[in-house]
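Both ligands and their constituent atoms are indexed starting at 1 by order of listing. Given the structure is predicted, the values throughout are model-derived calculations rather than measurements.
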Amino acid sequence: MKEKLDEIRAVASSAIAAAETEKEIEELRVRFLGKKGELTAILKQMGSLSAEERPIMGQLVNEAKQKTEELINEKKSEIKEKATQLKLKAETIDITMPGKAVKTGGLHPLSAVLDDMIDIFQSMGFDVVDGPEVETDHYNFECLNVPADHPARDMQDTFYLGENLLLRTQTSAAQIRTMENRKPPIRVICPGRVYRADEVDATHSPVFHQIEGLVVDKGITMCDLKGVLEQFAHEIYGPETNVKFRPSFFPFTEPSVEVDVTCSECGGKGCRVCKGSGWIEILGAGMVHPRVLKSCGIDPDEYSGFAFGIGLDRLTTTRYKISDIRLLFENDKRFLEQF
Ligand code: PHE
């Protein structure tokens, strides 16, 4: 019996030493120490021993059980520890590794300049209004004092969508919609896309952007127009920028002007961008024609106003020194990411 016990102990200890998983070790525990386990079975055979042998043998079996249990527990914690180490190793973070950059979007240069312009005009008390890109002949031309046979229609090559529908050629259409819906005092800007059937080149695109401005109140004069536009030019281009008002013609303003600013590329010395003149034209403006006020139900004897239309694309290309307007519409990420 003692030999049998020694044999079981030897088998158990080598099996325990060889075990690699918690499952294996649990199986060994059942096999040796469980209710029907091998060591338990030996205890049951004690009845066949003599009274002297019994306590000695009993002690030996108990010792064997204890020893086996110790081995099993040791092995169990060894396996657990090993698993923890493995897990830790797999989950370590190398804090010296370069991080993953989160890519954030950016504003398109046109949007960035527009945001600045809106800020400037809002600080002067202007509201921002919106108008449709598909307009009627009535709002885009008729009400702006450009009847069907007027030669000024040639100034803007128009995309017609039908007899009376067209893609707006100017944000000036929004002036009329505003005056129909609001009573003076009016102070609004209307930024938006406009369309003209122009040949595409470095400075022309069939789609471009304007910001229309309109002020109507009692006693508004050309001085107000000059003041607002000078203030605007200084904020956008810097206080050292000169502003020049040139007489011009628009059917819906009288008198009309075009406004030039010092070329931001050469500082006024003359360069390729300003074609040697030292000036860049940025907008058209003038005092709202009495006929336009009247067609919107505003009495020109009581009220006067001024309007202006700023070319956003030109402003953006000169500000960021972008040499070709087409770059603004191609949406090449390599280009856009520079801003
Ligand atoms: N709508 C004119 C254009 O597109 C610009 C303009 C706006 C002129 C308002 C005067 C007043 O050329």
Side-chain angles (χ1 to χ4, degrees), residues 114 117 121 126 128-133 135-147 150-159 166-179 186-198 203-217 220-230 232-233 243-261 280-293 295-296 298 300 303-316 325:
L114 177 59
M117 293 180 63
F121 282 110
F126 284 75
V128 180
V129 298
D130 207 6
E133 287 177 30
E135 262 300 0
T136 58
D137 190 90
H138 175 79
Y139 283 107
N140 195 83
F141 289 126
E142 288 282 339
C143 285
L144 287 162
N145 199 25
V146 191
H150 198 290
R153 289 216 178 191
D154 291 347
M155 289 164 76
Q156 302 175 358
D157 278 330
T158 310
F159 288 112
L166 46 83
L167 291 175
R168 68 175 173 195
T169 60
Q170 49 189 354
T171 42
S172 299
Q175 284 186 34
I176 308 299
R177 291 183 177 273
T178 305
M179 286 189 278
I186 292 170
R187 227 180 299 167
V188 296
I189 54 169
C190 172
R193 259 194 296 258
V194 296
Y195 303 82
R196 287 183 203 176
D198 277 335
T203 53
H204 292 88
S205 160
V207 188
F208 57 103
H209 302 79
Q210 284 187 336
I211 294 158
E212 191 78 8
L214 174 71
V215 172
V216 181
D217 202 354
I220 297 290
T221 70
M222 194 87 179
C223 285
D224 299 306
L225 169 67
K226 285 187 77 177
V228 165
L229 292 180
E230 249 167 28
F232 158 73
V243 182
K244 183 165 79 172
F245 290 77
R246 269 185 297 111
S248 184
F249 171 80
F250 298 103
F252 36 92
T253 47
E254 182 60 37
S256 302
V257 290
E258 278 175 308
V259 176
D260 300 343
V261 293
I280 295 212
E281 182 201 321
I282 57 164
L283 62 90
M287 301 307 291
V288 181
H289 199 292
R291 211 178 283 167
V292 174
L293 291 175
S295 76
C296 298
I298 294 175
Y303 292 100
S304 57
F306 65 79
F308 55 86
I310 304 172
L312 179 61
D313 312 81
R314 176 74 65 82
L315 223 61
T316 305
I325 193 177

Undergrad: For residues Leu312 and Phe208, determine if any side-chain heavy atom of one lies less than 4.5 Å from a side-chain heavy atom of the other.
TA: no

Undergrad: Check whether any side-chain heavy atom of Thr178 lies under 4.5 Å from a side-chain heavy atom of Glu212, and answer yes or no.
TA: no

Undergrad: May I ask you to list the atoms of ligand 1 that are less than 4.0 angstrom from any heavy atom of Gly309?
TA: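 Within the 4.0 Å cut-off of Gly309, ligand 1 contributes 6 (C), 7 (C), 9 (C).
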
Undergrad: With heavy atoms only and a cut-off of under 4.0 Å, state how Met287 meets ligand 1: side chain, backbone, both or neither.
TA: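 Under 4.0 Å from ligand 1, Met287 contributes no heavy atoms.
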
Undergrad: Between Phe308 and Phe121, is the ring centroid distance below 6.0 Å?
TA: yes

Undergrad: Short N/O distance, under 3.5 Å, between Gln175 and ligand 1?
TA: no

Undergrad: Indicate, as side chain, backbone, both or neither, the part of Phe252 found under 4.0 angstrom from ligand 1 when only non-hydrogen atoms are considered.
TA: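 The side chain, only.
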
Undergrad: With heavy atoms only and a cut-off of under 4.0 Å, state how Ala285 meets ligand 1: side chain, backbone, both or neither.
TA: backbone

Undergrad: Is there a side-chain contact between Val216 and Leu293 (heavy atoms, below 4.5 Å)?
TA: yes

Undergrad: Do the numbers put Arg168 on top of the ring of Tyr139, so that NZ or CZ is under 6.0 Å from the six-membered ring centre and no more than 45° off the axis?
TA: no

Undergrad: Show me which atoms of ligand 1 lie under 4.0 Å from any heavy atom of Gln210.
TA: 3 (C), 4 (O)

Undergrad: Geometry only, no angles: is Thr253 polar-contacting ligand 1 at N/O separations under 3.5 Å?
TA: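 Such a contact does not occur with ligand 1.
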
Undergrad: Side-chain contact, heavy-atom cut-off 4.5 Å: Ile211 with Thr171?
TA: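 The answer is no; the side chains never approach within 4.5 Å.
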
Undergrad: If you measure every N or O of Ser172 against every N or O of ligand 1, does any of those distances drop under 3.5 Å?
TA: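 Between Ser172 and ligand 1, an N or O pair is found under 3.5 Å apart.
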
